[in-house]
2 protein chains.
Amino acid sequence: MSNAYNRPDQLSSSLRERILETARSLGYAGPDPVARSLATRSSAAVGFMLPQGLSGAFSDPALSIVLDGLASTVDGHDHSLVLMPGDSTGGPRPSIVSRAQADVMVAYSLPDSAPALDAVAARGLPLVVIDQPVLPGSARVEVQDHLGASLAASFLLELGHSSFGILTFSLHPDGVSGPVSHERRSAVPFRVSRDRLGGYLDTLAKGGVQPDNVPVWEARGSDRELGRLGARWLLTRTPRPSALLCASDQLAFGALQAARDLALTVPRDVSVVGFDDVPEATYSDPPLTTVRQPLAEKGRRAGELALKLLAGGRPPRPTRLDVSLVQRASTAPRT
Amino acid sequence: MSNAYNRPDQLSSSLRERILETARSLGYAGPDPVARSLATRSSAAVGFMLPQGLSGAFSDPALSIVLDGLASTVDGHDHSLVLMPGDSTGGPRPSIVSRAQADVMVAYSLPDSAPALDAVAARGLPLVVIDQPVLPGSARVEVQDHLGASLAASFLLELGHSSFGILTFSLHPDGVSGPVSHERRSAVPFRVSRDRLGGYLDTLAKGGVQPDNVPVWEARGSDRELGRLGARWLLTRTPRPSALLCASDQLAFGALQAARDLALTVPRDVSVVGFDDVPEATYSDPPLTTVRQPLAEKGRRAGELALKLLAGGRPPRPTRLDVSLVQRASTAPRT
DNA sequence: TTGTACGCGTTATCAT
DNA sequence: ATGATAACGCGTACAA
């Protein structure tokens with residue numbers, strides 16, 4: 001009897017010894033985790049749903065840091081982490097979610113309509129969502145995206161810039177990259193993209209810059225190469241923007257590269273601002289002015305919420321984590 | 001009866017409809033994954049054992065890329081990924097491994113003696129090891145570390161360098177950072193560290209450089225900051241090395257930083273060579289000369305092996321993936 | 001084509 | 001303190 005394994009104190013050590021001994025001689029390697037889970041109704045694992053294939057996921061430093069914060073929390077409580085990669089639908093396939101052995105799910109930056117979320121609801125699993133979407137009945141951790149974007153825009157405005165370009169990641173989950181038409185700017189299903197873009201444009205408008213005069217490029221993902229592509233387009237408009245607002249550091253790094261490609265000097269010819277403040281923003285050339293969000297804290301917070309939900313807690317009111325502007329060397333007053 | 005879910009063709013569509021209908025009205029969300037696993041004896045998941053907390057793990061780009069390659073393979077076969085973070089023992093705690101719901105394990109660069117490996121053996125789970133250690137009965141994917149290190153050393157020798165410093169990651173699993181004594185260079189339990197260090201020293205010796213005259217710094221991990229620390233020490237020896245051999249790109253980036261700290265110019269004052277060829281090596285300042293290993297391929301290969309073992313295959317003979325030297329701008333002839 | 005009963009390996013409860 | 005036994009929810013072989 002496996003009391004020997006789980007409650008060593010409930011039985012005499014002699015018996016315990018004898019049991020363990022025979023077990024060993026029989027080649028028994030301890031309780032089977034699956035059977036235990038069935039009996040216990042708990043698999044001691046938290047599921048993590050990604051917006052894209054693990055492929056893209058691990059190359060995003062921001063995600064890595066969040067995952068890290070989450071992992072350390074969860075691991076400290078003897079829970080394991082089950083990763084569920086997403087596909088082109090902007091989240092894991094429902095079948096993956098239905099079959100995942102986890103007793104709480106964490107959704108990371110999924111589109112409003114991700115089928116994976118229905119699957120979670122169908123199973124009745126508690127859910128923590130990071131960033132987006134907002135979903136009734138789920139716990140949530142988000143950051144002040146609109147404010148962050150405002151900070152970046154205000155800063156450039158104060159520096160005297162009046163000609164801008166905006167580089168954003170997906171506005172719509174259709175995998176399209178390109179200049180953003182007027183209509184595409186409305187009804188954006190990704191809250192984060194919506195808030196950041198809104199933060200930029202609202203603030204610029206307050207500063208007297210007509211949103212219609214601001215070229216916006218939408219990259220279908222948040223990687224460096226896509227950023228380079230978009231920035232090249234932005235930097236070849238007339239008049240050439242003297243400042244670029246980028247929705248992520250990765251995109252901003254791409255913009256730095258694009259500027260080099262065009263023989264422009266940052267920040268003399270063009271200022272660039274990112275969003276996230278990943279570690280590399282310190283090392284880039286030049287070091288990146290960016291909006292800092294507490295990435296590790298975001299992950300930890302999500303982990304704690306997951307554990308809390310697991311313990312039967314109710315989802316608390318979502319709070320939004322702070323952001324702040326970090327000034328480095330990729331920005332300068334307009335000349 | 002859940003035949004309705006799993007073999008739609010085995011029963012009339014009318015019955016199937018009726019079953020699904022009642023199921024829905026009863027609030028039934030489909031087969032329970034745990035119970036299914038118990039009955040099936042398969043959890044459709046591959047476990048991934050990390051040498052350190054997920055914390056450090058995700059900040060290592062090389063690991064991310066490997067994980068990515070593995071994930072895409074595994075995901076394509078409808079398996080999920082269970083991450084098992086390691087702790088100070090250089091691998092996951094045995095209890096985590098014993099309880100993990102996975103039917104094949106992948107070990108990533110674990111020390112020879114990791115307790116986690118015993119736990120895997122105890123459960124009788126098939127095992128794929130990446131890099132190290134070598135373990136009878138397990139499938140393995142490794143790269144030509146010794147050769148790679150030789151390439152780097154030869155290259156510097158050809159450039160005319162004769163005064164070297166070596167920056168390596170852990171030689172022994174005791175979390176020690178510092179200059180490496182003579183005795184600590186022997187009986188190194190990490191195969192990768194052993195091979196790379198050996199590759200450097202052997203080749204240098206053939207080029208007429210006495211190993212005893214080459215200062216070696218051991219960093220207790222492979223991150224930039226530890227690299228910076230070690231490189232500072234190496235670059236303040238007398239005579240100052242004109243070339244630094246680094247066991248990873250992360251360490252090399254730290255070395256680049258250390259050189260800047262000391263107002264030295266790379267490669268004019270000192271040449272730096274890394275190992276891995278992570279994407280950032282292209283963007284660093286200056287771009288890094290390094291030894292390329294096929295990281296994504298390594299992950300894919302591991303995934304395929306895991307799937308193969310799962311299907312009952314025998315572990316094939318390990319093959320070693322190719323390496324090659326990538327020349328960029330962090331190296332120059334000795335002046 | 002449809003229904004039934006047993007086994008998967010635990011945990012937990014209850015009787016001894 | 002120890003031993004027996006009923007769930008846990010599924011797949012599946014087999015009977016109807």
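Chain letters run A, B, ... following the sequence lines, proteins first, then strands; residues in each count from 1. Because only heavy atoms are used, hydrogens play no part in the values below, and waters and symmetry mates are left out as well, while side chains stay in.
- Of the N and O atoms on the side chains of Ser43(B) and Asp103(B), at least one donor lies less than 3.5 Å from an acceptor on the other residue.
- Electrostatic pairing of Glu21(A) and Arg24(A) counts as a salt bridge here, judged by a charged N lying under 4.0 Å from a carboxylate O.
- For Pro31(B), taking side-chain heavy atoms from C-beta onward, the closest of the listed nucleotides dT11(C), dC8(D), dG11(D) is dG11(D).
- With distances taken from any side-chain atom of Asp32(A) to the nucleotides dG9(C), dG3(C), dG9(D), the minimum falls on dG9(C).
- Distance CD1 (Ile19(B)) to C1' (dC10(D)): 14 Å, rounded to an integer number of Å.
- Arg220(A) CZ: 12 or fewer foreign heavy atoms inside a 6.0 Å radius.
- Where Ala35(B) and Ser13(B) meet DNA chain C, the nucleotide closest to each residue was compared, and Ser13(B) sits on the side nearer the 5' end.
- Judged by closest nucleotide on DNA chain C, Leu15(B) is the one of Arg41(B) and Leu15(B) placed further toward the 5' end.
- To the nearest angstrom, P of dA7(D) lies 22 Å from CZ of Arg36(A).
- Between Arg300(B) and Glu297(B), at least one side-chain N (NZ, or NE/NH1/NH2) sits under 4.0 Å from a carboxylate O, which counts as a salt bridge.
- For the pair Arg123(B) CZ and dT10(C) C1', the interatomic distance rounds to 14 Å; values are reported in whole Å.
- Which of dG11(D), dT11(C), dG9(D) sits closest to the side chain of Leu38(B) comes down to dG9(D).
- Atom CZ of Arg18(B) is separated from atom C1' of dG3(C) by 11 Å (rounded to the nearest Å).
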